[in-house]
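First the structure, in the form of structure tokens, and then the observations on it.
So you know, we letter chains A, B, ... as the sequences are listed, proteins then strands, and number each from 1.
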Amino acid sequence: MSASKEQVAEVLVGIATLLELKGENPFKARAYLNGARAVEGLNEPLGKVVAEGRLGEIKGIGEALQKKIAELVTTGRLVYYEELKAATPPGLVAMLEVPGLGPKKVKALHDQLHLEGPEELERACKAGKVAGLPGFGEKTQANILEGLERRRAYSSRHLLSEGLSAAEGVVEGLRQHPDVIRCSTAGSLRRFREVIGDIDVVASSKAAGRVLESFTGQPGVLRTIAKGDTKASVLLGDGIQCDLRVVSDAEYPSALLYFTGSKEHNIVLRQRAIERGLRLNEYGLFRSKEETREAGLRLPCRTEEEILERLGLHWIPPELREDAGEIARAETGPLPRLVEWTDLKGSLHNHSTWSDGHQRPEEIARSMGELGLAYWAITDHSKASFQANGLDAARLRAASADIRSVNAQLAREGNPFRLLTGVEVDILKDGTLDLPDAVLAELDVVIASVHQSFTQSEAETTRRLIRAAQNPYVHLLGHLSGRLLLEREPYKVDAHAVIECCAETGTWIELNAHPSRLDMDWRLWPYAKSKGVKCAINCDAHRFEHAGFLRLGAGIARKGWLEKADVVNTLPLEELLKELARKRAKRRA
DNA sequence: GCCGTTTTCGGCCCGACTGTTTTCAGTCG
């Protein structure tokens, strides 16, 4: 029985949270957080360090943490943590998730009103009891209620990334079932919506009953919500509902088309069928305007593509089926060849241990090179992001020197992979940048992002971003809206005005592929493209595994109608370097 | 709870913002 680095870090973070709620010395709680970070940042297996008695050599881990980590690694449990958890109502931790509520306020609510969870909190707010507490007031009470409301609205929604990973297992399982002929995801997941409600799956079979039986009985199913002759709904372990519909193989293409949607897209398709004296529904494309499933009247279509063809349309990739002009385009000719994630050669926005990333540049270079990528920019935070261990000019130069020495070593080995030096520089409140131009000029890649003062007016934030884009050393703007899906609303900004400024100044815009961001929003990319603004699909990676975000980012870029030529990090290294240099030359001229 | 050429006690990354206050505590990044 042993615990991994991640599990140990999670327990240490958990302890920190509980200590804060208890009202313990905040620095004690921070010591646990530091310990968690130290463990995560370890470059070798934790078990080995423990076995060799070297835990104490790690900065941030003293006597008390050594004992606790050793206990956790050797026994898989930690008595101290379990006792702490048992002494704290679990609802208090849930209350911390309400924006504006931190440990002190939650403790006050618990001590003075004896509230033990979000439900009791809501009742107390509605009864007006919270506003009367010292340190609270009418506004705080209203904000708590709003936060609780949002929490509820979000609770049945999930990030696309979570849906994709949950759906993968389900579809794989079904495809291996002997009675399943064809199987695919459908719905918002297949359309690559950034947030989904549930997972829709369509399968074809001659033995629907057996398929549904196997579906509801698969591992990972928490409970079966409904089960009939042709469809079943289950709740998966991670809280996501998954619906499976089983149809005959002849019905499969129309079922897939129908359940992929969107609803608006379907309405237009159905209208086109009617105009041609046909009828389209989930059972097929029929030679009759009357409601029917009669097989004899069904036009033989083997695939979605054939159905679209009968309706006079070229192929429409699922990501585009939002009734956003795709049908009119498919009428006149083939749709653009959208960017594929395999077109991407690297990521231009990533972090390392120089700020808040988890691996050192050298480790990152080795790992990304092995993935077959050509380059990877290390763009750590600037000093205004204290919480992320942001860099001042001196540390940034040291980081760049580190990166260059890694590149020199790779070159000696004949390894063509290359790290790029860079920074994710904070855009300060007035639109100036957190580092002087002279420092930015030394770097391969400069991303400018907003990390503080989210509550400015739309006009102020717009001016702020425009000013940043006008800086001659800024290559691209990072996560334009600052949104965190299902967590935090975007800040108010006139995105069209910012896009227009980027077009004028030759500044690129990032499509941040972090699952919680997927920012800039896909709805804005067609406009950016029309203005000639280029996109960089970036991982914003803080760990090795985040390289996988490229796939997600490419899907969102497809949803924004982007082609390979619209995305700068599809360029080979030499051409990318030329583009990076060209922009500066142009703007200095 | 951690740390140390300011060293075994007394600090602990910092600044903005909000809503509460009437000079500041709590939260956030």
Test item: Asp380(A) side-chain N/O and Ser352(A) main-chain N/O as donor-acceptor pair under 3.5 Å = yes

Check the interface with nucleotides 22-24 of chain B: list each N/O to N/O pair with the protein under 3.5 Å, or write none.
none

Quick note, ring-ring contact (aromatic ring centres under 6.0 Å, His included) partners involving residues 348-367 of chain A, not counting sequence neighbours, are His349(A)-His351(A), His351(A)-His381(A), His351(A)-His542(A)

Inter-nucleotide C1' distance (dT20(B), dT27(B)), Å rounded | 13 Å

Expressed as a whole number of Å, how far does the C1' atom of dG26(B) sit from that of dT21(B)?
-> 13 Å

With heavy atoms under 4.0 Å as the rule, sort Leu19(A) into base, sugar-phosphate or nothing.
-> nothing

Glu319(A) and salt bridge (Lys or Arg N to Asp or Glu O under 4.0 Å): which partner among Arg558(A), Lys559(A), Arg191(A), Arg193(A)?
-> Arg558(A)

Under 3.5 Å: donor-acceptor pair, side chain of Glu460(A), backbone of Ser457(A) | yes

Check: Asn569(A) side chain, Gly346(A) main-chain N or O, donor-acceptor pair, under 3.5 Å | yes

Please say whether the positively charged group of Lys105(A), taken as NZ for Lys or CZ for Arg, lies over the ring of Phe136(A), i.e. under 6.0 angstrom from the six-membered ring centre and within 45 degrees of the axis.
-> yes

Between C1' of dG19(B) and CG of Leu101(A), the distance in whole Å | 13 Å

Rounded to whole angstrom units, what separation is found between the CD1 atom of Ile144(A) and the P atom of dT27(B)?
-> 10 Å

What does Lys67(A) touch in the nucleic acid at a heavy-atom separation under 4.0 angstrom: a base, only the sugar-phosphate, or nothing?
-> nothing

What integer distance in Å separates Glu63(A):CD from dC3(B):C1'?
-> 13 Å

Presence of Lys105(A) side-chain N/O under 4.0 Å of dT20(B) phosphate oxygens OP1/OP2 = no

Validation row: Val130(A), Leu113(A) side chains within 4.5 angstrom (heavy atoms) | yes

Go through the structure and list residues passing ring pair (Phe, Tyr, Trp, His ring centres under 6.0 Å) with His479(A), not counting sequence neighbours.
-> His451(A)

Any residue of residues 80-88 of chain A with a heavy atom less than 4.0 Å from an atom of DNA chain B | none

Six-ring centre of Tyr80(A), Lys68(A) cation under 6.0 angstrom, axis tolerance 45° = yes

So what does Lys383(A) hit on the nucleic acid, given a heavy-atom distance under 4.0 Å: a base, only sugar-phosphate, or nothing?
-> nothing

When the nearest nucleotide of DNA chain B is assigned to Ala64(A) and to Val106(A) on a heavy-atom basis, which residue is associated with the more 5' position?
-> Ala64(A)

For a side chain to side chain contact (heavy atoms under 4.5 Å, CB included) with Cys501(A), tell me which candidate from Thr462(A), Leu477(A), Ile466(A) qualifies.
-> Ile466(A)

Using a 4.0 Å heavy-atom cut-off, write out nucleotides 10-18 of chain B from 5' to 3' as B (base contacted by protein), S (sugar-phosphate only) or - (no contact).
-> --BBBSSSS

Quickly work out the Glu20(A) CD to dC28(B) C1' distance and round it to whole Å.
-> 12 Å

Sequence neighbours excluded, the answer for ring pair (Phe, Tyr, Trp, His ring centres under 6.0 Å) partners of His514(A) is Phe549(A)

When the distance from CD1 of Ile69(A) to P of dG1(B) is rounded to whole Å, what number comes out?
-> 13 Å

So what does Pro134(A) hit on the nucleic acid, given a heavy-atom distance under 4.0 Å: a base, only sugar-phosphate, or nothing?
-> nothing

Check against side chain to side chain donor-acceptor pair (under 3.5 Å), Asn471(A) and Asp437(A) | CA-CA 8 Å; Asn471(A) 181 295; Asp437(A) 285 359; 2.9 Å; yes

Could you let me know what dG19(B) is paired to, Watson-Crick or G-U wobble, both distances under 3.5 Å, or none if it's on its own?
-> dC24(B)

dC28(B) P sits how many Å from Asp426(A) CG, rounded?
-> 19 Å

Which whole-number value in Å describes the distance from Glu424(A) CD to dG29(B) P?
-> 15 Å

How many Å lie between CD1 on Ile58(A) and P on dG1(B), as a whole number?
-> 18 Å

Please measure how far the C1' atom in dG19(B) lies from the corresponding atom in dT23(B), and state the result in whole Å.
-> 13 Å

With a 4.0 Å cut-off on heavy atoms, is Pro103(A) in touch with a base, just the backbone sugar-phosphate, or nothing at all?
-> sugar-phosphate

If you draw a 6.0 Å radius around CD in Glu63(A), do more than 12 non-hydrogen atoms from other residues or ligands fall strictly inside?
-> no

Taking atom C1' in both dC3(B) and dC13(B), compute the distance separating them and give it to the nearest angstrom.
-> 15 Å

If we take the P atom in both dG10(B) and dA16(B), what is their distance in whole Å?
-> 30 Å

Please measure how far the C1' atom in dT22(B) lies from the corresponding atom in dG29(B), and state the result in whole Å.
-> 28 Å

